[in-house]
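Encoded as structure tokens, the structure appears first; notes follow it.
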Amino acid sequence: MIKIETILDILKTDGLFREIINQGHYCYNYSNVVFDTICYDSRKAQGNSLFFVKGAAFKKEFLLSAISQGLGWYVAEQDYEVDIPVIIVSDIKKAMSLIAMEFYGNPQDKLKLLAFTGTKGKTTAAYFAYNILNQQHRPAMLSTMNTTLDGKTFFKSALTTPESIDLFDMMAQAVDNGRTHLIMEVSSQAYLVKRVYGLTFDVGVFLNISPDHIGPIEHPTFEDYFYHKRLLMKNSRAVVINSDMDHFSVLKEQVENQEHDFYGSQSNNQIENSKAFSFSATGKLAGDYDIQLIGHFNQENAVAAGLACLRLGASLEDIKKGIASTRVPGRMEVLTQKNGAKVFIDYAHNGDSLKKLISVVETHQNGKIALVLGSTGNKGESRRKDFGLLLNQHPEIQVFLTADDPNYEDPMAIADEISSYISHPVEKIVDREQAIKAAMSITSQAEDAVIIAGKGADCYQIVQGKKEDYPGDAVIAERYL
């Protein structure tokens, strides 16, 4: 429940309030107005709701529908000239976030908040942190792969970072469930569309940066993408940063007056004696570690999570146990065929992460390699060229181009675009199951490998704007072992 006086105070304090337009009823007494729910979905609006008008696709009909359900007030950046009062604000997304905080009792003040950003590795690092903190604390986690607000039930999130109303609702549930910490993945989109506006994190971690999410409906340029990623550092009390990431010098200068830890070759926190399932660390995490996820980049993610959790009350023993116990669905999952060949299933969905994945596989497998790959439709269009140019440098890999969330685009056209950058022959099989089956059929010995990249543990394909059931890459691979 929230009073209108409280709402107006919040908006005026932040410079967001413009005016109330009451459709001619200027003597309206606002003092008795109280809202029991807040929402941005017109289908959820009730008589006691405060409705937020947001989004480029919003239509006046949505507002009229909410009014027909009894809606009495709304917040917007313009007057839609309907017969109920409107609170006009200068920025609807900022207003929604600040009001949601207050409506849900400022749950962010009752949790230790840890956030990860980066082009890749956010989910893996979040899982490491969850398992580390779970040794002695009661963490909740908001992750692309799995979200848990009670430590018992897990569900998949629709967005990497939820809309602000949903985010603070989830935080409040975590508090009610006795959670002590919250681990989040924070995307550049979260700052671009202000889903975390006004929120300060106890620790923010920057894992890496490479060109991604650049396109008509995302970031117009790499500079814009990088700027919005860096906002997490600005809005964190302490930060952890990979010193080997591109543009590290920019971040180093930005955080020089903040509490910070660096890891990697330009720091004291380094990885030594790196093996497939173990490594040693120097600096604050000095010691030997077991790890289930192969690949140096996963060891880097583990160190990043360890340094962050150290600041949040975890011991070195907690960190060792947490790292050793971490597995991530769809992240470097390894299956073995009857002929001994390995099948690697990973979420790698941009050029940089695919490059690292191929490097890891080639380190362990020196036989024939097959790769199953697609690229998403209507987003991240730059990935297609990145994939093609990368694979053009690997003529030894048998490439099977297939569908990966084609959405409103033709998956064969996407495959054609990728292959236009590749000078050697590739297979194009739109049906993802048939592509996986074909790739697995070319192996014959233990040194061979199949890489299935892109979807990870996703059990759907996005086609024509809707999620269609899909068994999942691991389930399909198991059928043809």
Open item on the list: Between S315 and D318, do the side chains contain a donor N or O and an acceptor N or O under 3.5 Å apart?
Closed with: yes

TODO: Take V303 and F279 through the test side-chain contact (heavy atoms from CB on, under 4.5 Å) and record every step on the way to the result.
DONE: CA-CA 10 Å; V303 168; F279 67 93; 3.9 Å; yes

Open item on the list: Suppose we call two aromatic rings close when their centres sit under 6.0 Å apart. Are H247 and F222 close by that rule?
Closed with: yes

Open item on the list: Tell me whether the count of non-hydrogen atoms from other residues, nucleotides or ligands lying under 6.0 Å of CD in Q464 goes above 12.
Closed with: yes

Open item on the list: Are more than 12 heavy atoms, taken from residues, nucleotides or ligands other than K194, located less than 6.0 Å from that residue's NZ atom?
Closed with: yes

Task: F52 side chain near I99 side chain, heavy-atom distance below 4.5 Å - done: yes

Open item on the list: Can you confirm whether more than 12 heavy atoms, excluding those of K110, are under 6.0 Å from its NZ atom?
Closed with: yes

Open item on the list: For the backbone of I291 and the side chain of Q299, can you confirm whether one donor and one acceptor N or O come within less than 3.5 Å of each other?
Closed with: no

- [ ] Test side-chain hydrogen bond (donor to acceptor under 3.5 Å, both in side chains) on Q461 and R432 and set out the steps.
- [x] CA-CA 10 Å; Q461 285 273 24; R432 193 172 177 93; 5.9 Å; no

Open item on the list: Around atom NZ of K428, are there more than 12 heavy atoms from other residues, nucleotides or ligands closer than 6.0 Å?
Closed with: yes

Open item on the list: Quick check on Y480: does its OH atom have over 12 non-hydrogen neighbours (other residues, nucleotides or ligands) under 6.0 Å away?
Closed with: yes

Task: E478 atom CD, neighbour heavy-atom count above 12 within 6.0 Å - done: yes

Task: NZ-OG distance between K94 and S164, expressed to the nearest 0.5 angstrom - done: 13.0 Å

- [ ] Look up atom CZ in F387 and atom OH in Y421, then write down how far apart they are to the nearest 0.5 Å.
- [x] 13.0 Å

Open item on the list: With a sphere of 6.0 Å drawn around CG of N268, does it hold more than 12 non-hydrogen atoms of other residues, nucleotides or ligands?
Closed with: no

Task: Step-by-step side-chain hydrogen bond (donor to acceptor under 3.5 Å, both in side chains) determination, T161 to Q189 - done: CA-CA 8 Å; T161 311; Q189 287 282 304; over 6 Å; no

- [ ] Work out which heavy atom in M141 is nearest to a heavy atom in N146; give both atom names and the distance.
- [x] CE-O, 3.7 Å

Open item on the list: Can a side-chain donor-acceptor contact be found between T221 and D224 if the only test is distance below 3.5 angstrom?
Closed with: no

Task: Nearest-0.5 Å distance that lies between atom CZ in F154 and atom OH in Y130 - done: 4.0 Å

TODO: Consider only side-chain N and O atoms of D404 and T376, and report whether a donor and an acceptor are under 3.5 Å apart.
DONE: no

TODO: Check each of T124, T326, V328 against N298 using the side chain to side chain contact (heavy atoms under 4.5 Å, CB included) test, and report the only one that passes.
DONE: T124

- [ ] Test the K44-F51 pair against the cation-pi criterion, namely NZ or CZ under 6.0 angstrom from the six-membered ring centroid and within 45° of the ring axis.
- [x] no

- [ ] State which residue, out of L111, V175, L114, fulfils the side chain to side chain contact (heavy atoms under 4.5 Å, CB included) condition with L182.
- [x] L111

Open item on the list: Quiz question: by atom type and distance under 3.5 Å, do the side chains of Y470 and D405 form a donor-acceptor pair?
Closed with: no

Open item on the list: Whether the Y347 and S353 side chains hold a donor-acceptor pair (N or O, under 3.5 Å, no angle test) is what I'd like checked.
Closed with: no

Open item on the list: Any donor-acceptor pair under 3.5 Å linking the side-chain atoms of N106 with those of Q108?
Closed with: yes

Open item on the list: For R327, is the CZ atom crowded, meaning more than 12 foreign heavy atoms sit under 6.0 Å from it?
Closed with: no

Task: Spacing of I294 atom CD1 and H364 atom NE2 [to the nearest 0.5 Å] - done: 4.5 Å

